[in-house]
Amino acid sequence: MEKQYYEQGDTIILNQTQDFHIQHILECGQCFRFEKIEENVYQLIAHRKKLRIGQEKNQITFYPMSMEEFTTLWITYFDLERDYGVIKQQLSQQDPILQEAISYKPGIRILRQDPWECLISFIISQNKRISHIQQVIHYLCEAFGDKINAEDGSSYYTFPTPQQLAKATETDIRGCKAGFRAPYIVDACHKVIHGEVDLQNLYQLPTSQAKQELLKIKGVGPKIADCVLLFAYGRYEVFPTDVWIQRMMKIFYLGEEATHQQIQQYAKEKFGNLGGFAQQYLFYYGREKQITKKQ
DNA sequence: GCCCAGGCACTCA
DNA sequence: TGAGTGCCTGGG
């Protein structure tokens, strides 16, 4: 992306609103530690920071933010160097359904999140609504993360590190309303701390091997592994297939009888390295419009 | 009160 | 190997 951002006091202003919509980015189901303050104004906690992101017609503001912090952390986080225009064009060209899904929420971008936080968040996500997932994560952060006092006098909690979370017993984690997922979180802590699953090393591995590593953790199946690969490791060729995506693929492309495997195979052939992006447009579209049968 | 939600593990054929 | 079922919890 061309350099379309500049510093103004303790705010960074981004003049690139074509392929960036803060609501689409945060509410498309890829991340959970955000809060809507008002229309098009959100608070986000990531990288141990809390920031306020506002979007008006032609500009997006990040506050509080220095140019240095923006360039070292947030350009990567928001994937700002990637030209989503090209991706959207490629996907739209081959398919009217995707074209519709993309034009419905054109401002989606795939965030590059912290693998550990992403892993735990998606373990929590099974059988839960987003508000509930957010609640459990909040409890975990409050109980085991660091409390940070912001300059404006407010405070917030960081996402607990594996070491911090490992101090929790299964009972503690159940106390955070994690329910049957509590032992899964304990297992994730154990395997990560003892190096049985090396999250840093996954960056170096081919996607299929990285997936095998993630699957070693209890409570992590193909869907959650794919979500982590996509939202933390930037493996855009994966196609996380949950119930919504399954519905969409059956309704729009493959028919009711299609198996999970056929869906994966079809997505691989059709979307290739853009599978992750296609998935996210389709998912958000389907869920928002509650598409549960052929229109 | 009942049903079910952005899956997974476990069991049993 | 594949299908069926239970799971914490809270919101509709």
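Order of the sequence lines fixes the chain letters, A, B, ..., with proteins taken first and strands second; residue numbering starts at 1 for each chain.
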query: A:Asp226 CG to B:dG6 P: how many Å, rounded?
result: 18 Å

query: If you measure from the Lys or Arg side-chain nitrogens to the Asp or Glu carboxylate oxygens, is any gap between A:Lys167 and A:Asp172 under 4.0 Å?
result: no

query: Reckon A:Gly219 touches a base, only the sugar-phosphate, or nothing at all at heavy-atom distances under 4.0 Å?
result: sugar-phosphate

- request: Return the orientation label for the A:Tyr284 and A:His24 ring planes: parallel under 30°, perpendicular over 60°, tilted otherwise.
  value: perpendicular

task: Could you identify which residues of residues 166-194 of chain A place a heavy atom less than 4.0 Å from some atom of DNA chain B, listed by residue number, or say none?
output: A:Phe180, A:Tyr184

message: Could you tell me how far B:dC8 sits from C:dG11 if I compare only their C1' atoms? Round to whole Å.
response: 23 Å

query: In whole Å, what separates the P atom of B:dG6 from that of C:dA3?
result: 23 Å

statement: Ordered by number, residues from residues 124-137 of chain A within less than 4.0 Å of DNA chain C (heavy atoms) are A:Asn127, A:Lys128, A:Arg129, A:His132

message: Please report the distance separating the C1' of C:dG10 from the corresponding atom of B:dA9, rounded so that it comes out in whole Å.
response: 23 Å

- request: Examine the side chains of A:Lys50 and A:Ser154 and answer whether a donor and an acceptor come within less than 3.5 Å of each other.
  value: yes

- prompt: What about A:Phe283 and A:Phe239, are their ring centers closer than 6.0 Å?
  reply: no

message: For a quick check of understanding: with a heavy-atom distance under 4.0 Å over all strands, which category does A:Pro240 fall into, base, sugar-phosphate or nothing?
response: nothing

message: For A:Tyr104, does the six-membered ring have the charged nitrogen or CZ of A:Lys289 within the cation-pi criterion, i.e. under 6.0 angstrom from the centroid and within 45° of the normal?
response: yes

